[in-house]
Visitor: 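Have a look at this one.
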There are 2 protein chains.
Amino acid sequence: MRTPNHLDQTLLALADPTRRAILQRLSAGETRVTELAEPFAMSLNAVSKHIRVLERAHLVHRRREGREHLLSFTPKPMDDVARWMDAQRANWSARLQALDDLLQEEDRAAASAPPDKKGRTR
Amino acid sequence: MRTPNHLDQTLLALADPTRRAILQRLSAGETRVTELAEPFAMSLNAVSKHIRVLERAHLVHRRREGREHLLSFTPKPMDDVARWMDAQRANWSARLQALDDLLQEEDRAAASAPPDKKGRTR
DNA sequence: TTGATATTCAACTCCGAGGTTGAACGATGC
DNA sequence: GCATCGTTCAACCTCGGAGTTGAATATCAA
């Protein structure tokens, strides 16, 4: 908890529509900060701060060329997120399968008993 | 931006190690609040708040049974995250492929010219 | 009813996120 | 040199996240 790990930073960075839009834009290619900020209804400074959050999460890389800062998307942290989610999915999918089996078991058992008024919800 | 959409809520909820641990625990089966809070070095109230964040993101479902609140993992929002990430991946993977092609093109061209001092960085 | 258990609600602190404005800094162009 | 462009830094505001403690609510058990 005292170590804000990479997943934390990455997920936090992704949990904002502006930043996701920035990433989407960057996935189309390197872009200058000003150019990147142009479509947003907020100050350049605000966008600059969003960029710093993305940098902290290692989701964008900055390359200075003269006075221009060129930003590009570095997707590696997203892989970590994907890996974590896959691991989670593996966990609960197995369990949901077991639950399904159990429910079917119950249904077969209920078929030989008086039916229940309320159906299986959701 | 004024509509904090589902992805926002979900990613924000996931961007905390305590909450991810809670989900991990819940993926092993329904759990009472107190039982859930026991391993964490924080007050029951703090855990209760985390649970509310997870509920807001529809990542957990609460079922009241007497005085006990039984929580379970509802993974659907994670699918939305996965879908968004896949879409992103489709975007930039295509572009990275194009970039790779370009770099190889340049390498071939450079092979016939005097070599460059600084190598291809990262 | 009384008392214990399970959980939330309410009020508070602290801190950082997200936004603003204004100034500073570094590179470019004349 | 000087003005301008691209970008950040600094200071400030507001809001909500994350934690605390203490009281309230609801259920169970006697």
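The sequence lines fix the lettering, A, B, ..., with proteins before strands; numbering per chain opens at 1. Computed from a predicted structure; not experimentally measured.
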Visitor: Tell me which of B:I51 and A:V47 sits closer to the 5' end of DNA chain C, going by the nucleotide each one is nearest to.
Guide: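 Nearer the 5' end of the strand: B:I51.
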Visitor: Measuring to OP1 and OP2 of C:dT7, would you say a side-chain N or O of B:S48 lies under 4.0 angstrom away?
Guide: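 False: B:S48 side-chain N/O out of range (4.0 Å or more) of C:dT7 OP1/OP2.
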Visitor: Of all heavy-atom pairs between A:L54 and A:I22, which one has the smallest distance, and what is that distance?
Guide: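 Shortest heavy-atom separation between A:L54 and A:I22 comes out as CD1-CG2, 3.7 Å.
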Visitor: For the residue pair A:L12 and A:R56, establish whether any side-chain heavy-atom pair is separated by less than 4.5 Å.
Guide: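 In short, these two side chains touch, coming nearer than 4.5 Å.
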Visitor: Let me know the distance between CZ of B:F40 and P of D:dA18, rounded to the nearest Å.
Guide: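 Atom CZ in B:F40 sits about 13 Å away from atom P in D:dA18.
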Visitor: Looking at B:L59 and B:F73, what are the two nearest heavy atoms and their distance?
Guide: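 The answer is O-CD1, 3.2 Å.
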Visitor: A side-chain contact here means heavy atoms from C-beta on lying under 4.5 Å apart; do A:R20 and B:N5 qualify?
Guide: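 Yes, their side chains come closer than 4.5 Å.
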Visitor: Between A:R89 and B:A82, which heavy-atom pair has the shortest distance, and what is it?
Guide: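 The pair with the smallest heavy-atom distance is NH2-CB, 3.5 Å.
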Visitor: Output the rounded distance in Å from CD (B:E68) to C1' (D:dT25).
Guide: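 Answer to the nearest Å: 16 Å.
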Visitor: How close do B:M78 and A:M85 get, counting heavy atoms only, and between which atoms?
Guide: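 Taking every non-hydrogen atom into account, O-CE, 3.8 Å.
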Visitor: Rounded to the nearest Å, what distance is computed from the CG atom of residue B:L44 to the P atom of nucleotide C:dA4?
Guide: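 Distance check: B:L44 CG to C:dA4 P gives 19 Å.
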Visitor: May I ask you to evaluate whether B:S43 reaches the phosphate of D:dT20, defined as a side-chain N or O under 4.0 Å from OP1 or OP2?
Guide: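 It does, given that an N or O in the side chain of B:S43 lies less than 4.0 Å from OP1 or OP2 of D:dT20.
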Visitor: State the CZ-CZ distance between B:R52 and B:R62, to the nearest 0.5 angstrom.
Guide: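 Answer rounded to 0.5 Å: 9.0 Å.
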Visitor: CZ of B:R64 versus P of D:dC28: gap in Å, rounded?
Guide: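 Rounded to whole Å, this separation is 13 Å.
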Visitor: Do NZ/NE/NH1/NH2 and the carboxylate oxygens of B:K76 and B:D79 come within less than 4.0 Å?
Guide: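 Salt bridge flag = no for B:D79 with B:K76.
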Visitor: Rounded to the Å, how far apart are B:I22 CD1 and D:dA18 P?
Guide: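 Checked: the CD1 to P distance equals 11 Å.
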Visitor: If you define the side chain from C-beta out and look only at heavy atoms, does anything of A:E30 sit under 4.5 Å from A:L71?
Guide: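 Of all side-chain heavy-atom pairs linking A:L71 with A:E30, none is under 4.5 Å.
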Visitor: Could you give the NE2-to-P distance, from B:H50 to D:dG17, as a whole number of Å?
Guide: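 It is 11 Å, rounded to the nearest whole Å.
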Visitor: Could you check how far CG of A:L54 sits from P of D:dT7, rounded to whole Å?
Guide: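 So the two atoms are 16 Å apart, to the nearest Å.
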Visitor: Rounded to whole angstroms, how far apart are CD on A:E30 and C1' on D:dG6?
Guide: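 Result: 16 Å.
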Visitor: Just the table, please: protein N/O against nucleotides 24-30 of chain C N/O, every pair under 3.5 Å.
Guide:
none

Visitor: So which protein N/O to nucleotides 14-17 of chain C N/O distances come out below 3.5 Å?
Guide:
{"unit_1": "C:dA17", "atom_1": "OP1", "unit_2": "A:R56", "atom_2": "NH1", "d": "3.1"}

Visitor: Restricting both atoms to N or O, compile the protein contacts to nucleotides 9-11 of chain D shorter than 3.5 Å, with distance only.
Guide:
{"unit_1": "D:dC9", "atom_1": "N4", "unit_2": "A:N45", "atom_2": "OD1", "d": "2.8"}
{"unit_1": "D:dC9", "atom_1": "N4", "unit_2": "A:N45", "atom_2": "ND2", "d": "2.6"}

Visitor: Is A:H69 close to A:I51 at the side-chain level, that is, under 4.5 Å between some pair of heavy atoms?
Guide: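 No; the side chains remain at least 4.5 Å from each other.
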Visitor: CG/B:L36 to CG/B:L26 distance, rounded to the nearest 0.5 angstrom?
Guide: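 Going from CG on B:L36 over to CG on B:L26, the span is 5.0 Å.
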